[in-house]
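Quick notes on the structure that follows.
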Amino acid sequence: MAHDLMTTPGTGSAPKGGAAGRSPLGRFVRWDVLVTALLIAVFLAGAAGSPDFANAGNLSFALGDLGEIALIALAMTLLVVAAEVDLSVASVLGLSSAMIGALWDAGWAIETIIPLVVVVGAVCGLVNGLLVTRLGLPSLAVTIGTLALYRGLAYVVLGDKAVAEFPQRYTDLVTGDVPGTPIPYPVALFVLLAIITGVVLHATGAGRALFAIGSQEEAAFFAGIRVKRIKLVLFVVSGTMAAFAGVVYTLRYGSARADNGFGVELAVIAAVLLGGVDFDGGKGTLGGVIAGVLLIGLLRNLLMLNDVATEIQSIVTGLLLIVSVLTPRLAAVVRQRRRSPAPHTPLSSEAESNR
Amino acid sequence: MRDPGEAEAPRGPAPGTAPPPVLALRKAGKSFGAVRALREVSLELFAGEAHALAGENGAGKSTLVKTLSGVHRPDEGEVLLDGAPVEFGGPAAAQEAGVAVIYQEPTLFPDLSVAENIFMGRQPRARFGRIDRRAMHAEATELFTGLGVAIDPGRPARGLSIADQQLVEIAKALSRRARVLIMDEPTAALSGNEVARLFNVVKTLREQGCAVLFISHRLDEIFELCQRVTILRDGAWVAGEPISALTPDDLVRRMVGRDLDTLYPKQDTLPGEVALTVGRLTREGVFTDVSFEVRRGEIVALAGLVGAGRSEVARAIFGVDRWDAGTVEVGGRRLPPGSPTAAMAAGLALVPEDRRQQGLVMDLSIERNIGLTGLKSVRRGPVISRAAERDRARDWAARLQLKFTRLGDAVNVLSGGNQQKVVLAKWLATDPAVLIVDEPTRGIDIGTKAEVHRLLSELAGRGIAILMISSDLPEVLGMADRVLVMHEGRLAAEIPRERATEESVMSAATGRDGAAA
Ligand SMILES: Nc1ncnc2c1ncn2[C@@H]1O[C@H](COP(=O)(O)OP(=O)(O)OP(=O)(O)O)[C@@H](O)[C@H]1O
Ligand SMILES: [Mg+2]
């Protein structure tokens with residue numbers, strides 16, 4: 001937003017509904033409620049359209065299939081609320097997977113490999129965070145760079161081999177269900193982490209600080225909030241979560257490859273934005289993001305059940321991303337038109353927000 | 001209600017003829033949802049006349065300005081240009097009709113140069129339609145010389161102080177050579193010198209036949225510049241009359257609806273132990289060797305011209321800027337440079353100069369903004385208690401008589417003065433030992449100003465050390481126990497209350513010798 005007027009930050013961004021502020025749109029429909037309704041509609045449509053859809057086996061599979069996206073989306077939500085983004089998550093996932101493969105091949109024990117790769121993920125996040133906070137670079141640019149860098153490292157570590165022979169004892173850990181329920185372990189873990197993230201975001205000082213940083217960083221800094229430190233921590237959490245998702249992914253497919261999780265960052269960001277988090281920061285709810293993640297998961301599952309090609313799946317993800325960014329903005333424009341019939345030159349819309 | 005037009009005698013440059021007002025508002029109404037910001041307000045601006053618009057915070061002054069300038073379309077009533085109804089489709093149309101507006105809050109493009117901002121959309125052209133930079137800079141420099149300020153036209157607008165931004169806005173409006181000049185609190189951030197220069201320029205324009213609408217919460221300015229005044233209260237027209245018929249007290253009574261007791265209720269307090277010590281503080285190129293102390297119970301004013309480095313010193317003390325040399329101690333504890341968090345923990349609070357960028361998160365609610373400085377104090381375990389958070393905000397909103405609809409409303413729908421109150425609330429709620437206030441009453445109406453002064457005085461009475469930066473000289477003289485005067489980045493004088501006069505402060509501020517020491 002290079003040419004945003006300096007005294008009116010964020011006027012270019014359309015409000016989405018959320019706990020962080022009563023948006024004009026939010027007065028009528030909350031975006032996250034809308035997404036939840038859509039989620040239910042898709043579920044019912046799926047159940048009506050395909051007999052294989054609404055049964056415990058498939059749903060459990062669909063949820064499990066969503067595990068990595070969901071885990072990474074939690075950390076991504078915090079970042080996007082603070083007006084940052086991490087595009088390198090899928091590459092960290094790949095790097096983590098490649099390291100598991102290489103180290104397992106070299107005869108290491110899984111019990112040592114897992115903590116090690118998670119630490120490496122944290123370091124990857126730390127590098128992102130330092131570049132953003134110490135050098136003041138935009139996270140979009142930094143993490144596009146490290147997206148390529150970390151994926152490259154993954155290939156250096158494992159080449160284009162696939163390491164596949166993990167003992168069932170370990171793969172069961174991620175494909176198995178919590179005893180007595182149809183809930184896969186990763187889903188149970190996700191629920192736990194989601195609760196923690198939700199509390200942090202919506203009920204702690206740190207969460208309040210994130211919303212303030214996302215909507216107006218300078219004012220947050222003047223209020224004594226440690227903006228840089230908080231951002232650094234967020235990037236580390238994001239890297240850690242991505243590496244951990246790499247562990248889950250590798251064990252779930254029983255296959256370690258350098259190209260694992262290719263493109264997952266887009267699905268994650270689509271889910272976060274679809275869930276009503278404003279890409280410009282400062283607005284969003286975790287509930288919305290969870291609905292967004294589930295919606296993307298169900299759609300992918302439905303497309304798969306109906307044998308739709310992966311290219312189409314990718315197209316759907318892309319379209320969802322665009323729609324979720326576009327819709328609130330269109331709604332804002334329509335609303336402004338209705339409120340004052342005068343044509344809106346940039347000056348007038350600025351001046352109007354300038355009381 | 002009396003019709004304001006009714007009592008008007010024919011007026012205008014040529015006696016006998018009655019040219020219609022250049023720009024007028026007739027029975028205009030404007031609502032924002034449930035808020036009726038204007039109702040049945042009429043106002044006439046005549047060529048060659050300066051007209052004041054007065055009213056408390058939230059009375060609807062800025063809304064009236066925006067209705068005149070085509071930003072808002074009135075819900076009822078109409079705008080008249082040269083006596084004929086007109087509908088400005090937007091600010092651009094009003095500009096074309098010769099109406100130049102300085103809005104209350106500067107709206108500059110941060111990445112463009114000062115000159116580009118001034119001539120946005122109508123840059124002087126050289127051959128082949130290229131923008132003639134040299135002509136643009138020369139013209140900008142000329143405008144600034146007229147205003148008596150030295151702003152480099154080539155520098156980007158980003159990083160300009162609020163006062164400088166305001167001056168650029170003024171230059172922008174003046175450069176349009178408009179028939180109607182509307183100024184919404186142009187002087188709020190300016191000190192005496194710049195105001196005097198601005199008034200000279202405006203008086204010249206007026207003599208050349210320009211109609212002027214002027215808004216200010218400083219009543220002396222209204223009396224100095226204007227011939228007529230229109231007064232609004234809660235969106236309604238209260239009075240429209242010649243200034244000469246009014247005393248300042250009359251004006252206040254009409255604005256506030258009651259008499260006002262003293263504007264500067266300064267209590268005498270015995271200064272206690274030293275709370276803030278600043279030792280030889282230096283930030284290269286900004287300020288040099290600044291040393292002073294503030295004791296508990298004392299109000300120390302930091303006076304000086306715009307650009308003397310007062311705000312910069314405050315920012316460094318609070319840690320939002322780093323310093324290059326020197327020390328800052330709060331209650332005997334040395335602060336590390338560049339850490340607002342540490343400064344807060346030591347009991348320091350800073351109400352910054354620029355409330356829209358630094359003081360408030362404009363998109364967040366009143367409650368969340370007030371809560372931002374108290375994230376640790378409203379917790380139960382690691383989790384924030386919504387009730388405690390809300391009570392704290394409601395309590396402070398009430399103590400500062402904040403005018404709002406709901407605590408959950410975003411602060412950007414509040415009027416300017418009420419926004420300032422939220423900033424004050426946010427910091428007072430931290431229960432600071434040392435309070436630094438940078439232009440605490442900028443844009444605040446006279447009733448609230450008295451309220452803020454009473455509050456500052458009361459805080460000092462409770463033993464808080466207060467460092468007050470103000471460009472409002474009467475405020476400095478009325479409130480301060482001691483006045484520190486800065487000139488070009490150095491402390492030029494320290495004047496105790498007894499010897500502080502307009503002359504002594506101004507001569508130290510402008511670098512003339514003899515006043516100090
Ligand atoms: N866009 C808006 N949406 C909602 N309410 C608004 C809007 N603009 C102004 N208001 C409300 O209208 C009323 C008048 O506001 P206005 O800004 O005109 O006051 P003002 O007289 O300029 O005050 P100040 O002296 O503080 O600048 C206030 O109650 C304000 O909250
Ligand atoms: Mg105003």
Side-chain angles (χ1 to χ4, degrees), chain A residues 1-11 13 15 19-24 27 199-200 202-209 211-227 229 278 280-283 339-355, chain B residues 62-63 66 69-73 88-92 101 103-112 157-158 165 318 320 340-341 343-345 350 352 354 356-365 368-369 371-373 375-376 378-379 382-384 386 406 408-410 412-416 426:
Chain A
M1 281 203 273
H3 275 188
D4 211 359
L5 295 190
M6 72 167 125
T7 50
T8 50
T11 41
S13 67
R22 210 180 301 270
S23 73
R27 239 165 247 161
V199 168
V200 168
H202 293 300
T204 65
R208 296 282 197 274
F211 283 105
I213 293 172
S215 29
Q216 215 168 307
E217 192 175 318
E218 195 177 2
F221 180 57
F222 268 77
I225 291 168
R226 293 177 201 265
V227 175
R229 180 178 303 185
D278 192 325
D280 291 333
K283 291 193 178 71
R339 199 167 54 191
S340 79
H344 271 260
T345 64
L347 178 62
S348 74
S349 64
E350 289 305 336
E352 190 155 2
S353 61
N354 148 37
R355 350 171 156 120
Chain B
S62 299
T63 308
K66 290 178 191 165
S69 69
V71 174
H72 295 322
R73 170 171 299 197
F88 294 133
V101 185
Y103 292 102
Q104 186 167 3
E105 309 288 348
T107 51
L108 301 174
F109 292 95
D111 296 318
L112 298 185
R158 188 186 299 285
Q165 290 180 40
F318 188 66
V320 291
T341 317
M344 270 176 80
L350 169 69
D354 184 348
R356 298 177 60 86
Q357 282 293 304
Q358 302 159 349
L360 295 171
V361 182
M362 298 304 290
D363 288 342
L364 288 190
S365 66
R368 291 283 165 89
N369 268 288
L372 217 49
T373 53
L375 296 175
K376 294 206 177 78
V378 292
R379 284 188 313 191
V383 175
I384 282 187
R386 287 298 312 261
R406 270 182 312 218
D409 286 344
N412 60 24
V413 308
L414 295 178
S415 78
K426 162 180 162 185

Non-hydrogen atoms of [X] and [Y] that approach each other most closely:
X        : Y        : value
B/Phe318 : A/Phe222 : CE2-O, 3.5 Å
B/Pro382 : A/Thr204 : O-CG2, 3.5 Å
B/Asp363 : A/Lys283 : OD2-NZ, 3.7 Å
A/Gly224 : B/Pro340 : CA-CB, 4.1 Å

- Message: Using heavy-atom distances under 4.5 Å, tell me whether B/Leu360 contacts chain A through its side chain, its backbone, both, or neither.
- Response: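 For B/Leu360, backbone heavy atoms alone lie under 4.5 Å from chain A.
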- Item | Donor-acceptor pair, side chain of A/Gln216 and main chain of B/Arg356, under 3.5 angstrom |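 Confirmed, A/Gln216 side chain pairs with B/Arg356 backbone.
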- Query: Ignoring hydrogens and geometry, is there a side-chain-to-backbone donor-acceptor pair from B/Gln357 to A/Glu218 under 3.5 Å?
  - Reply: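 No: the side chain of B/Gln357 does not pair with the backbone of A/Glu218.
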- Item | Worked verdict on A/Arg229 versus B/Thr341 for side chain to side chain contact (heavy atoms under 4.5 Å, CB included) | CA-CA 12 Å; A/Arg229 180 178 303 185; B/Thr341 317; over 6 Å; no
- By salt bridge (Lys or Arg N to Asp or Glu O under 4.0 Å) - contacts of B/Arg386 (at least two apart):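 By the salt bridge (Lys or Arg N to Asp or Glu O under 4.0 Å) rule, B/Arg386 matches B/Glu367, B/Glu389.
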- Which residues share a side chain to side chain contact (heavy atoms under 4.5 Å, CB included) with B/Thr373, sequence neighbours left out: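 Side chain to side chain contact (heavy atoms under 4.5 Å, CB included) check on B/Thr373 returns A/Ala223, B/Met344, B/Arg392, B/Lys426, B/Trp427, B/Thr430.
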